[in-house]
Asker: 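Pasting a structure below so you can have a look.
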Amino acid sequence: MSRLSLKPRLRRLATGVAVAALTLGVAATALADPQRYAVIATGEKVGWLVVDQTGTSVAIDYHVDNNGRGPKHRERLELDATGLPLSWRIQGTSLFGGQVDETFERSPEGVRWRSQADAGVLPASGPGLYVANDDSPWSLALYARALKAAPGQSMDVAPAGRLRLEEVRRLEFGGAPATAYRLTGLTIEPGYVLLDDRDEMIAEFSGDTVTVREGLEGEERALHRLLADLETERVRNLQTELAHRFDAPVRIRNVRIFDPREGRLSDLSSVTVFRNHVSGVVPEDDRPARPDEYVIDGEGGVLVPGLHDMHSHSSMQTGLYYLGAGVTATRDMGNNNPFLLDLMKQIEGGVLPGPRITPNGMLEGRSPYAVRTGIVADSLEEALDGVRWYADRNYWQVKIYNSLHPEWVAPVAAEAHRLGMKVTGHVPAFVSPDQAIEAGYDDIAHINQLMLGWLLQPGEDSRTPLRLTAMPRAAGLDLDSAPVRRTIDLMKARGTALDVTAVTLEVLMMSRAGEIPPSAAAYVEHMPIGYQRYRRRSFVDIDTPEKDAGYRAGFRKLLDTVKRLHDEGIVLLPGTDAGEGFTVHRELELYVEAGLTPAQALTLGTLTPERYLGRDQTLGTIERGKLADFFLIPGDPTADISAIRQIRLVMKDGVAYLPSEIHEALGVRPFVAPAVIQPPAAPTPAAAVGEAGPGFLFAAPGHDHLAH
């Protein structure tokens with residue numbers, strides 16, 4: 001999440017306000033004192049940023065420690081007279097401790113750079129602005145000042161891509177005038193920065209963690225409200241542009257249907273949707289289309305029930321990415337609670353795009369390693385009150401996190417069960433998975449949290465990066481050993497499921513600096529340049545051949561564990577701990593690499609979560625009377641699970657989306673041609689429109705101008 005997460009967080013707004021060009025005086029003025037900023041997460045300081053500028057020389061110290069992780073590095077820049085970097089050096093460590101030593105130089109001979117992700121040279125006639133790979137939040141202010149002076153406030157950048165700047169709001173902040181800017185083209189989400197009247201950074205507020213000038217820490221909530229306002233308007237506009245709604249039945253012809261119960265495809269069929277339900281599934285025939293219905297020719301492709309991400313952290317930006325990937329339902333595993341409840345309300349009302357969200361409430365204990373998401377309890381009574389708060393708001397589960405006191409786990413689980421909720425989570429530090437299961441866990445989050453019970457020594461602290469760096473020990477794990485056997489038997493006896501998130505462990509264990517990781521190989525080159533570079537990095541320090549081999553062997557044993565658990569009948573819940581949607585596809589591919597058949601993996605991604613959530617009477621299969629959640633692909637996913645990446649159309653709750661349109665709007669190169677939606681040959685009778693009710697007006701294929 002934000003700059004502290006494994007991924008760049010997922011985050012357009014019309015504006016016509018002219019801004020002043022960057023002047024030499026602003027770029028080169030020496031600041032009287034270093035500019036000091038606090039990094040704030042959920043009201044608590046988790047790090048700092050110090051910017052010391054003397055003339056054209058800038059020194060930066062950036063340090064974050066949140067949930068036992070965070071970037072820690074120093075930067076040195078030399079700027080030219082217009083404020084563009086002539087040189088830039090970044091040294092330190094990234095999120096999970098991976099080494100950072102990034103350099104950039106610009107001279108009359110050209111530009112040259114080296115980072116974790118890449119190295120290259122461009123001629124002097126090329127872009128004058130370099131976008132750093134391991135930068136600090138201050139870089140957004142640097143980019144914004146450069147873009148303000150550029151024609152059209154847009155500029156090609158090195159190593160590739162183009163940045164754009166929009167002024168989105170003028171306001172009073174901390175008693176002084178300020179201007180908020182949006183930057184796009186950096187990655188798959190916009191960046192937001194607040195500048196003062198000297199164009200110096202007041203705050204960077206692109207995610208759930210904000211960086212703000214010291215003395216203004218109390219304005220964190222105001223920054224979050226500003227971000228929510230700006231992003232809500234942007235995403236609402238996208239929903240209006242991209243959602244296809246209908247005033248008559250929609251017939252999808254010439255398709256085969258994946259049946260997750262049987263693990264096979266049907267014969268050619270025709271599926272009809274009216275409003276938000278499947279109203280018919282019949283064998284395909286040669287009868288012409290009715291003149292009063294919309295028609296989509298599936299061209300022999302396959303309809304698949306909507307995918308599910310059972311480990312997500314929803315944001316304003318994740319909705320469209322999920323829908324573009326065929327993910328129509330998610331389980332949110334911890335969030336800012338007021339934000340999540342409001343987001344769900346807007347999605348359910350059709351105002352914002354997104355999957356169905358099942359909310360889980362994060363419950364953490366106070367410690368130096370505590371995550372600041374959800375409710376952080378200082379006592380057992382506070383923890384129990386937190387459970388009751390979540391129950392009163394219809395949260396489905398409580399998610400226990402790393403620092404909850406071991407003695408609180410059983411009473412917290414008992415209170416959740418008393419109130420009709422289930423329990424999931426990390427295994428808290430100094431608690432074994434067996435103890436967590438016996439205390440009442442209904443499922444465990446992350447396969448490494450399960451396997452660490454077989455790998456850690458007594459007294460080792462899983463709140464630290466050890467929960468990742470210990471995973472190479474799995475290379476020598478005997479899956480027939482007594483500890484493994486005991487845990488599996490306990491899971492079978494108690495009906496405990498596993499929220500796997502194998503793709504998260506693949507990203508962490510198998511990413512190597514300068515290489516496209518297996519987790520992103522199928523889609524990364526479609527993404528903006530900043531995201532591509534972000535994925536070409538190591539997240540941990542892998543500085544010897546022995547460490548490299550250990551992580552590779554450990555990940556292979558992780559996949560062997562997935563297969564063993566599946567064979568033993570343990571319920572596997574596909575999750576990603578990400579929000580791009582594409583990682584859901586990779587999660588299912590990894591199950592096939594582990595030894596499951598494509599059909600088994602696809603069943604886990606569709607029907608199994610709905611059964612676990614108790615919703616399989618309305619979701620999880622494509623049948624008459626069920627909710628219309630599915631997607632259309634040209635290939636056969638029972639022969640090649642990767643066929644699910646080529647999505648031509650998605651329908652969620654009877655509203656259709658074309659992934660190619662979504663991706664173009666988000667700056668992602670589309671993967672496949674869209675399905676064609678043919679409108680009725682005859683006008684829909686007025687009575688039918690009235691019967692459909694508000695919200696079912698279709699403007700034209702590809703555009704919905706419905707006013708919500």
Side-chain angles (χ1 to χ4, degrees), residues 6-7 96 309-311 333 424-427 432-434 436-437 443-457 460 462 464-481 483-488 490-491 496-512 515 517-521 538-542 546-578 583-597 600-601 604-605 641:
L6 185 59
K7 64 185 187 305
F96 281 95
D309 188 344
M310 287 291 278
H311 194 125
M333 291 288 278
T424 184
H426 287 204
V427 177
S432 72
D434 292 3
I437 294 167
D443 64 82
I444 289 176
H446 306 299
I447 191 169
N448 63 313
Q449 291 285 321
L450 179 69
M451 296 178 70
L452 288 173
W454 312 323
L455 302 175
L456 293 184
Q457 299 299 314
E460 290 188 311
S462 61
T464 71
L466 187 66
R467 62 185 183 265
L468 167 65
T469 58
M471 287 304 292
R473 301 178 190 177
L477 180 64
D478 180 1
L479 293 180
D480 293 315
S481 65
V484 176
R485 185 71 262 163
R486 170 178 163 73
T487 301
I488 292 177
L490 189 58
M491 294 179 78
T496 310
L498 176 65
D499 164 15
V500 186
T501 66
V503 66
T504 303
L505 276 297
E506 182 184 40
V507 170
L508 291 168
M509 298 174 70
M510 301 297 286
S511 296
R512 300 294 183 269
E515 300 178 8
S519 60
S538 293
F539 289 94
V540 294
D541 188 13
I542 303 176
E546 292 75 19
K547 283 187 180 180
D548 179 82
Y551 276 108
R552 294 182 187 275
F555 186 70
R556 181 62 251 178
K557 186 57 64 73
L558 181 151
L559 294 182
D560 293 342
T561 304
V562 170
K563 181 64 162 60
R564 172 63 63 89
L565 293 171
H566 181 264
D567 290 348
E568 294 277 358
I570 304 301
V571 174
L572 302 181
L573 304 172
T576 70
D577 207 7
T583 47
V584 178
H585 305 154
R586 181 59 183 170
E587 181 78 5
L588 301 185
E589 290 173 342
L590 286 172
Y591 298 168
V592 176
E593 289 190 16
L596 279 67
T597 68
Q600 288 172 332
L604 291 178
I641 189 64

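No experiment lies behind these values; they were computed from the predicted model shown.
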Asker: Using the test side chain to side chain contact (heavy atoms under 4.5 Å, CB included), find all partners of Ala497 that sit at least two apart in sequence or belong to another chain.
Answerer: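 Scan of Ala497 (side chain to side chain contact (heavy atoms under 4.5 Å, CB included), adjacent residues dropped) gives Asp443, Val571, Leu573, Tyr612.
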Asker: What are the two closest heavy atoms between Met471 and Leu505, and how far apart are they?
Answerer: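 Taking every non-hydrogen atom into account, CG-CD1, 4.3 Å.
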Asker: Applying side chain to side chain contact (heavy atoms under 4.5 Å, CB included), name anything that partners Pro517, two or more places apart in sequence or on another chain.
Answerer: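 Only Ser511, Ser519, Ala520, Arg535 meet the side chain to side chain contact (heavy atoms under 4.5 Å, CB included) criterion with Pro517.
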Asker: Who pairs with His585 by ring pair (Phe, Tyr, Trp, His ring centres under 6.0 Å), at least two apart in sequence or on another chain?
Answerer: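 Checked His585 against ring pair (Phe, Tyr, Trp, His ring centres under 6.0 Å); zero matches.
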Asker: Residues in side-chain hydrogen bond (donor to acceptor under 3.5 Å, both in side chains) with Thr501, at least two apart?
Answerer: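 Thr501 satisfies side-chain hydrogen bond (donor to acceptor under 3.5 Å, both in side chains) with His446 only.
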Asker: Show your working on side chain to side chain contact (heavy atoms under 4.5 Å, CB included) between Leu572 and Leu565 and close with a plain yes or no.
Answerer: CA-CA 8 Å; Leu572 302 181; Leu565 293 171; 4.1 Å; yes
Asker: When you compare the side chain of Phe555 with that of Leu590, does any pair of heavy atoms fall below 4.5 Å?
Answerer: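 Yes, at least one pair of side-chain atoms sits under 4.5 Å.
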Asker: Can you measure from CG (Asp577) to CG (Asp499) and round to the nearest 0.5 angstrom?
Answerer: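 It comes to 8.5 Å.
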Asker: For Glu506, give me all partners under side-chain hydrogen bond (donor to acceptor under 3.5 Å, both in side chains), at least two apart in sequence or on another chain.
Answerer: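 With neighbours one apart ignored, the set is Arg586.
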Asker: Mind checking what makes salt bridge (charged side-chain N to carboxylate O under 4.0 Å, His left out) contact with Glu568, not counting sequence neighbours?
Answerer: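 Expected list: Arg485, Lys492.
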Asker: What's the spacing between Ile542 CD1 and Met510 CE if we round to 0.5 Å?
Answerer: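 Reported value, rounded in 0.5 Å steps: 9.0 Å.
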Asker: Write down the atom of Asp309, the atom of Thr576, and the distance for their closest heavy-atom approach.
Answerer: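 Looks like OD2-OG1, 2.6 Å.
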Asker: Under 3.5 Å, side chain of Asn448 to main-chain N/O of Arg467, donor-acceptor pair present?
Answerer: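 Yes, the answer is positive, given that a donor and an acceptor are paired below the 3.5 Å cut-off.
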Asker: What residues form a salt bridge (charged side-chain N to carboxylate O under 4.0 Å, His left out) with Asp434, not counting sequence neighbours?
Answerer: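 Counting only residues at least two positions away or on another chain, Asp434 forms a salt bridge (charged side-chain N to carboxylate O under 4.0 Å, His left out) with Arg486.
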Asker: Working note: Thr597 + Val592, criterion side chain to side chain contact (heavy atoms under 4.5 Å, CB included); need CA distance, chi angles, decisive distance, verdict.
Answerer: CA-CA 6 Å; Thr597 68; Val592 176; over 6 Å; no
Asker: Got Arg564 and Asp480 here, is their nearest side-chain heavy-atom distance under 4.5 Å?
Answerer: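 Yes - at least one pair of side-chain heavy atoms lies under 4.5 Å apart.
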Asker: Identify, with sequence neighbours excluded, every residue that meets side chain to side chain contact (heavy atoms under 4.5 Å, CB included) alongside Ala474.
Answerer: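 Only Met451, Leu455, Lys557 meet the side chain to side chain contact (heavy atoms under 4.5 Å, CB included) criterion with Ala474.
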Asker: Can you name the residues that form a side-chain hydrogen bond (donor to acceptor under 3.5 Å, both in side chains) with Ser538, not counting sequence neighbours?
Answerer: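 With sequence neighbours excluded, Ser538 shows a side-chain hydrogen bond (donor to acceptor under 3.5 Å, both in side chains) to no residue whatsoever.
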Asker: Compare every heavy atom of Ala578 with every heavy atom of Thr583, then report the nearest pair and how far apart it is.
Answerer: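 Nearest pair, atom of Thr583 first, then Ala578: OG1-CB, 3.6 Å.
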Asker: Got a second to check how far Leu479's CG is from Leu477's CG, nearest 0.5 Å?
Answerer: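 It is 5.0 Å, given to the nearest 0.5 Å.
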Asker: So which heavy atom on Pro433 is nearest to which on Ile444, and how close?
Answerer: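 Heavy-atom minimum between the residues: CB-CD1, 4.2 Å.
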Asker: Taking side chain as C-beta onward, heavy atoms only, is Glu593 less than 4.5 Å from Val562?
Answerer: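 Side chain of Glu593 against side chain of Val562, heavy atoms only: no contact under 4.5 Å found.
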Asker: Where is the tightest heavy-atom contact between Tyr551 and Leu468, given as atom of each residue plus distance?
Answerer: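 The pair with the smallest heavy-atom distance is CE2-O, 4.2 Å.
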Asker: How about Thr496 and Ile570: do any of their side-chain heavy atoms sit closer than 4.5 Å?
Answerer: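 Thr496 vs Ile570: side chains apart.
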Asker: OG1 of Thr424 to CD of Gln449: how many Å apart, nearest 0.5 Å?
Answerer: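 So the OG1 of Thr424 and the CD of Gln449 are separated by 10.0 Å.
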Asker: With sequence neighbours left out, what residues match Asp548 under salt bridge (charged side-chain N to carboxylate O under 4.0 Å, His left out)?
Answerer: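 Result, salt bridge (charged side-chain N to carboxylate O under 4.0 Å, His left out) vs Asp548: Arg512, Arg552.
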Asker: For Tyr591, enumerate each residue passing the side-chain hydrogen bond (donor to acceptor under 3.5 Å, both in side chains) test, keeping only those at least two apart in sequence or located in another chain.
Answerer: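 Result, side-chain hydrogen bond (donor to acceptor under 3.5 Å, both in side chains) vs Tyr591: Glu587.
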Asker: Between Thr487 (side chain) and Pro483 (backbone), is there a donor-acceptor pair under 3.5 Å?
Answerer: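 Yes, Thr487 side chain to Pro483 backbone: donor-acceptor pair under 3.5 Å.
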Asker: For the CG atom of Leu604 and the CG atom of Leu596, what is their distance to the nearest 0.5 Å?
Answerer: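 Atom-to-atom, Leu604:CG and Leu596:CG are 6.0 Å apart.
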Asker: Any salt bridge linking Asp560 with Arg556? Criterion: basic side-chain nitrogen under 4.0 Å from a carboxylate oxygen.
Answerer: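 Yes, Asp560 and Arg556 are salt-bridged.
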Asker: Quick one: closest heavy-atom pair of Ala470 and Leu456, and the distance?
Answerer: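 The pair with the smallest heavy-atom distance is CB-CD2, 3.8 Å.
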